[in-house]
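Order of appearance sets the numbers: ligands from 1, and atoms from 1 within every ligand.
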Amino acid sequence: MPSGVGGTGMPIQTLDDLAVQGTTLGVRIDINSPLTESGDLADDARLRAHVDTLSELLERGGKVAILAHQGRPGSDDFASLSPHAERLDELLSYPVSHCDATFSGDARMAVENLRESEAVVLENTRFYSEEYMEFPAEEAAETHLVDRLVPELDAYVNDAFAAAHRSQPSLVGFPTRLPGYVGRVMENELDVLGDIDATPRPRVYVVGGAKVSDSIAVAKNVLERDLADHVLTAGVVGNVFLFADGADLGDASADFIHDQGYWDYIDDAADLLEAYSDKIHLPKDAAVERDGERAEITRGDFPPKEDEGAMDIGDATITAYSKILRNAGTVILNGPAGVFEDDTFADGTRELYTEAVNAEYSIVGGGDTAAAIRKFGLSGFDHVSTGGGACLRMLTGDPLPAVEALSR
Ligand SMILES: Nc1ncnc2c1ncn2[C@@H]1O[C@H](COP(=O)(O)OP(=O)(O)OP(=O)(O)O)[C@@H](O)[C@H]1O
Ligand SMILES: O=C(O)[C@H](O)COP(=O)(O)O
């Protein structure tokens, strides 16, 4: 019988159920990472998170074909996985190569040529157009990527918890055609995040960062299910809610939101504010760049000057949010409060994250969120999830497509 995985209630097979020796495995991991301007890895936390799973499979004699994505089409971090393969080769005690194809003849040959205890990182799955579309698992199983690779594989392992909320071919298509298993990262995340109702109240969600559509969906869900006592908004998400509340953050912030494709979500944010104004908290001020320095503007003085974008929350917001966090039973946090990569706009993220550690129970998640935690040298969170949107979705009780595909 497959080993159960806590919290999901669904019988899912783990690596304890997999006979690895000599098998060729398609292993989906999530090593989507911040990159430097020159395209190198700016942070390798997500690669290190998968070392246990990959080491175990290689130590047990597996032939490992790694599938992963980096960035999104059109984003600055949409790049080859070559640096990721180089770093994994350094982190693992086994040979890791890179193939600059994903499912072509060269890629299939690279998989066929694998020897036991060797791995190859296939090229960024999102270089292939169908991968950035979402399908039901049965349709994903018929996409070119899945169809061409299945004959080369004996089994599929999904360790990509951070992308488990995406119903994309490499994440949901294989288990309908191959025996599927969860990796150790996925297994641990599902066990820890399985039952949010067991965490203490008051429960505070902090939704920051730049993935507005994910964050609004989560906020809607946790409010409708009465899982949240407070939802603190920050980052680009907070800016969208401010516009939704009638505040004028100025043209620079409006243009940024338009450019990111999130302007249409303002109506959704307005609907949430109308229904849950007592639980949703908006920034009270913003930090902008003026004459090369950080300048803070309270909401009463909006809009900032035309070229000044809201890049962080200000002190008044930090004070108000910190008071709520200080009295929280559980804090669930995803996304930075500002452009923390620039020290000028790191205050909000640093201060809120520092306060979140002191909650009775704290869960944080997200690639940049984890990078910020390391930047500020913070520790003491009860769980640092590799996933941001996926972590939040899991905590709302929403199904994760990649997990559902494995529990067929
Ligand atoms: N006010 C802001 N204006 C522009 N960008 C912002 C602002 N606040 C935060 N950001 C950007 O948000 C990005 C991170 O957002 P994101 O939602 O990707 O967080 P995350 O932790 O990576 O979550 P996930 O893992 O779900 O992607 C950072 O690169 C940061 O610079
Ligand atoms: O970084 C993440 O949250 C995951 O890798 C998913 O990436 P995506 O939001 O571009 O699908």
Checklist line | Given V157, T125, D159, V172, the one that forms side chain to side chain contact (heavy atoms under 4.5 Å, CB included) with R28 | finding: T125

Margin query: I need the atoms of ligand 1 closer than 4.0 Å to a non-hydrogen atom of M311, numbered in the order shown.
Written below: 1 (N)

Next item on the list: For N239 and A310, indicate whether the former's side chain and the latter's backbone hold a donor-acceptor pair under 3.5 Å.
Entry: yes

Margin query: Can you confirm, on distance only, whether ligand 2 has an N/O atom lying under 3.5 Å from any N/O atom belonging to Q168?
Written below: no

Checklist line | Nearest-neighbour protein heavy atom for atom 9 (C) of ligand 1, which is reported as residue plus atom name and distance | finding: G338 O, 3.2 Å

Check: Hey, does the side chain of R126 reach the backbone of H69 with a donor-acceptor pair shorter than 3.5 angstrom?
Finding: no

Check: Which residue holds the protein heavy atom closest to atom 21 (O) of ligand 1, what is that atom called, and what is the gap in Å?
Finding: T369 OG1, 2.6 Å

Next item on the list: List every atom of ligand 2 that sits less than 4.0 Å from any heavy atom of R72, numbering the atoms from 1 in the order shown and giving each element.
Entry: 8 (P), 9 (O), 10 (O)

Margin query: Would you say that more than 12 heavy atoms from the other residues, nucleotides or ligands in this model lie under 6.0 Å from the CD of E274, or not?
Written below: no

Next item on the list: Mark up the atoms of ligand 2 that fall under 4.0 Å of a heavy atom belonging to R166, in ascending order.
Entry: 8 (P), 9 (O), 11 (O)

Notebook entry, point to check: Aromatic rings Y128 and H144: how do their planes relate, parallel, tilted or perpendicular, breaks at 30° and 60°?
Noted result: perpendicular

Margin query: Among all protein heavy atoms in this structure, tell me which lies nearest to atom 17 (O) of ligand 1, with the distance rounded to 0.1 Å.
Written below: A210 N, 3.1 Å

Next item on the list: Would you mind checking which non-hydrogen protein atom is closest to atom 24 (P) of ligand 1, with the distance to 0.1 Å?
Entry: K211 NZ, 3.8 Å

Notebook entry, point to check: Any N/O of D214 closer than 3.5 Å to an N/O of ligand 2?
Noted result: no

Next item on the list: Tell me which part of E341 gets within contact of ligand 1: side chain, backbone, both or neither, using heavy atoms under 4.0 Å.
Entry: side chain

Note to self: Check this for me: E306, atom CD, are more than 12 non-hydrogen atoms of other residues, nucleotides or ligands nearer than 6.0 Å?
What the structure shows: no

Check: Looking only at side chains, do T317 and D285 share a donor and an acceptor under 3.5 Å apart?
Finding: yes

Margin query: I want to confirm something. Looking only at heavy atoms, which of D76, V236, V237, D312 is nearest to atom 3 (N) of ligand 1?
Written below: V236

Note to self: Nearest 0.5 Å, please: how far is CG in D44 from CZ in R87?
What the structure shows: 4.5 Å

Checklist line | H383, NE2 atom: more than 12 neighbouring heavy atoms under 6.0 Å | finding: yes

Margin query: Nearest 0.5 angstrom please: R177 CZ to E142 CD, how far?
Written below: 5.0 Å

Notebook entry, point to check: Relative to each other, are the rings of F376 and Y353 parallel, tilted or perpendicular (30° and 60° limits)?
Noted result: perpendicular

Item checked: Heavy-atom nearest neighbour in the protein, as seen from atom 5 (O) of ligand 2, with distance rounded to 0.1 Å -> D30 OD2, 2.7 Å

Notebook entry, point to check: Which ligand 2 atoms, with their elements, are less than 4.0 angstrom from a heavy-atom of N32?
Noted result: 1 (O), 2 (C), 4 (C), 5 (O), 7 (O)

Item checked: Contacting atoms of ligand 2, where contact means under 4.0 angstrom from a heavy atom of R126 -> 8 (P), 10 (O), 11 (O)

Check: What do you reckon, is NZ of K375 surrounded by more than 12 foreign heavy atoms closer than 6.0 Å?
Finding: yes

Next item on the list: Could you check atom 20 (P) of ligand 1 against the protein and tell me its nearest heavy-atom contact, residue, atom and distance included?
Entry: D368 N, 3.6 Å

Notebook entry, point to check: Checking side chain to side chain donor-acceptor pair (under 3.5 Å) for the pair E123/S80: CA distance, chi angles, key distance, verdict?
Noted result: CA-CA 6 Å; E123 191 51 278; S80 168; 2.9 Å; yes

Notebook entry, point to check: Which is it for R46 and ligand 2 at heavy atoms under 4.0 Å: side chain, backbone, both or neither?
Noted result: side chain

Next item on the list: Anything under 30° is parallel, anything over 60° is perpendicular, the rest tilted; go ahead and classify H230 against H281.
Entry: tilted

Notebook entry, point to check: Does ligand 1 have any atom that is closer than 4.0 Å to a heavy atom of H165?
Noted result: no

Check: Does ligand 2 have an atom that lies less than 4.0 angstrom from a heavy atom of G388?
Finding: no

Item checked: Nearest candidate to atom 25 (O) of ligand 1, where distance is taken over non-hydrogen atoms, out of P336, G389, G367, G387 -> G367

Checklist line | Minimum-distance protein heavy atom relative to atom 3 (O) of ligand 2 | finding: K211 NZ, 3.2 Å

Note to self: If you count every heavy atom of other residues, nucleotides or ligands that lies below 6.0 Å from D76 atom CG, does the total exceed 12?
What the structure shows: no

Notebook entry, point to check: Looking only at protein heavy atoms, which one is nearest to atom 7 (O) of ligand 2, and how far off is it?
Noted result: H69 NE2, 3.5 Å

Next item on the list: Answer with side chain, backbone, both or neither: which part of D214 has a heavy atom less than 4.0 angstrom from an atom of ligand 1?
Entry: neither

Notebook entry, point to check: Under 4.0 angstrom from ligand 1, any heavy atom of F256?
Noted result: yes

Check: For ligand 1, does A310 get within less than 4.0 Å through its side chain, its backbone, both, or neither, judged by non-hydrogen atoms?
Finding: backbone

Next item on the list: Under 4.0 Å from a heavy atom of R46: give me the atoms of ligand 1 that qualify, with their elements.
Entry: 25 (O)

Next item on the list: Check ligand 1 against G209 and write out every atom of the ligand that is under 4.0 Å from a heavy-atom position of the residue.
Entry: 12 (O), 15 (O), 17 (O)

Item checked: atom 23 (O) of ligand 1: the protein heavy-atom neighbour that sits closest, reported with distance to 0.1 Å -> N334 ND2, 3.2 Å

Item checked: Donor-acceptor contact below 3.5 Å, side chain E308 vs main chain K305 -> yes

Checklist line | Sub-4.0 Å atoms of ligand 1 with respect to non-hydrogen atoms of N239 | finding: 1 (N)

